[in-house]
Amino acid sequence: SVAEGYYIWDVNPNMFIKLAGLFYDYEYTGSGSPVGKPVKVDDVLNGTAYSMLPVVDTAWDANVSLTINF
């Protein structure tokens, strides 16, 4: 699951600033990795399953951008 939020500030008619953030909540391991069979993240964290690579349960991505129209 992914949730995204952003806010845009209009500086003037030719420029704006955008503040954005994404939140990732993984249910299975191995997203984007060819190593091993995907298993539930909760099972790995509880110790009932094994993963060959580190397990990521949640992740955040935040960014700011400045857009100027010439």
Side-chain angles (χ1 to χ4, degrees):
S1 301
V2 178
E4 176 183 16
Y6 58 89
Y7 187 79
I8 297 175
W9 288 280
D10 286 325
V11 177
N12 61 45
N14 293 321
M15 181 170 57
F16 65 88
I17 299 170
K18 181 174 79 168
L19 172 64
L22 287 109
F23 174 73
Y24 299 88
D25 185 13
Y26 294 100
E27 187 173 344
Y28 291 92
T29 64
S31 178
S33 174
V35 180
K37 178 178 126 182
V39 294
K40 287 195 171 203
V41 170
D42 291 338
D43 292 344
V44 174
L45 295 176
N46 293 334
T48 58
Y50 175 75
S51 175
M52 295 173 61
L53 295 174
V55 175
V56 176
D57 185 24
T58 60
W60 281 92
D61 178 23
N63 60 74
V64 176
S65 65
L66 173 67
T67 303
I68 301 172
N69 185 14
F70 290 98

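We're numbering straight along the sequence, starting at 1. Treat the numbers as computed from the prediction; the structure is a model and nothing was measured.
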- Query: Do Ile68 and Trp9 share a hydrophobic cluster (ILVMFWY, side-chain heavy atoms under 4.5 Å, transitive)?
  - Reply: yes
- Query: Which is it for Phe16 and Val11 under the side chain to side chain contact (heavy atoms under 4.5 Å, CB included) test, yes or no, and what are the steps along the way?
  - Reply: CA-CA 5 Å; Phe16 65 88; Val11 177; 5.6 Å; no
- Message: With a sphere of 6.0 Å drawn around OH of Tyr6, does it hold more than 12 non-hydrogen atoms of other residues, nucleotides or ligands?
- Response: no
- Message: To the closest 0.5 Å, what do you measure between CG (Asp61) and CD (Glu4)?
- Response: 9.5 Å
- Task: To the nearest 0.5 angstrom, please state how far the NZ atom of Lys40 sits from the OH atom of Tyr28.
- Result: 4.5 Å
- Message: Treating Thr29 as the side-chain partner and Val39 as the backbone partner, does any N or O pair qualify as donor plus acceptor under 3.5 Å?
- Response: yes
- If you group Ile, Leu, Val, Met, Phe, Trp and Tyr by side-chain heavy-atom gaps below 4.5 Å, do Phe23 and Val56 land in one group? no
- Message: Can a donor-acceptor pair be found, under 3.5 Å and without considering hydrogens, that links the side chain of Asn46 to the backbone of Thr48?
- Response: no
- Indicate if Tyr26 and Val2 have the same hydrophobic cluster label, given that clusters are the connected sets of ILVMFWY residues with side-chain heavy-atom separations under 4.5 angstrom. yes
- Note, Ile17 side chain near Ile8 side chain (heavy atom, < 4.5 Å): no
- Could you state the interatomic distance from CD (Glu27) to CG (Asp57), rounded to the nearest 0.5 Å? 10.5 Å
- Message: Within the 4.5 Å heavy-atom criterion, are Asn69 and Met15 side-chain neighbours or not?
- Response: no
- ILVMFWY network linking Leu45 to Tyr24, side-chain heavy atoms under 4.5 angstrom: yes
